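Remarks on the structure that follows.
Please read these numbers as outputs of a predicted model, since none were measured by experiment.
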Amino acid sequence: MATDTHTGSDRSDQPGIVRSIARLVGDLLILTCWVVFLTLIFLGTGWPQWAFYLLLILGVGLYVTFTAAWRSG
């Protein structure tokens, strides 16, 4: 293991950290787009508020279900 003498940190963790941050940013971007899409649709159509929350929770739940299998490997 290579240790950075200036910070004392282990350099072997850095690619994993960068990958984790990239996944987090990607997840946030996708979920933000889903929320904005639903908001614009529901503001334009006047559909009921309960349907908005239902689709929001279902969309996030499906996203987590499908991507959890990708992340475990």
Could I get the full list of side chain to side chain contact (heavy atoms under 4.5 Å, CB included) partners for L54, not counting sequence neighbours?
->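 Partners of L54 under the side chain to side chain contact (heavy atoms under 4.5 Å, CB included) test: W50, L58.
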Contacts of V25 that satisfy side chain to side chain contact (heavy atoms under 4.5 Å, CB included) - sequence neighbours left out =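 Partners of V25 by the side chain to side chain contact (heavy atoms under 4.5 Å, CB included) criterion, ordered by chain and then number, come out as I21.
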Please tabulate, for side-chain N and O atoms in residues 31-47, each donor-acceptor pair with protein atoms closer than 3.5 Å (sequence neighbours left out).
from: T32; atom 1: OG1; to: L28; atom 2: O; distance (Å): 2.6
from: T39; atom 1: OG1; to: V35; atom 2: O; distance (Å): 2.7
from: T45; atom 1: OG1; to: I41; atom 2: O; distance (Å): 2.9

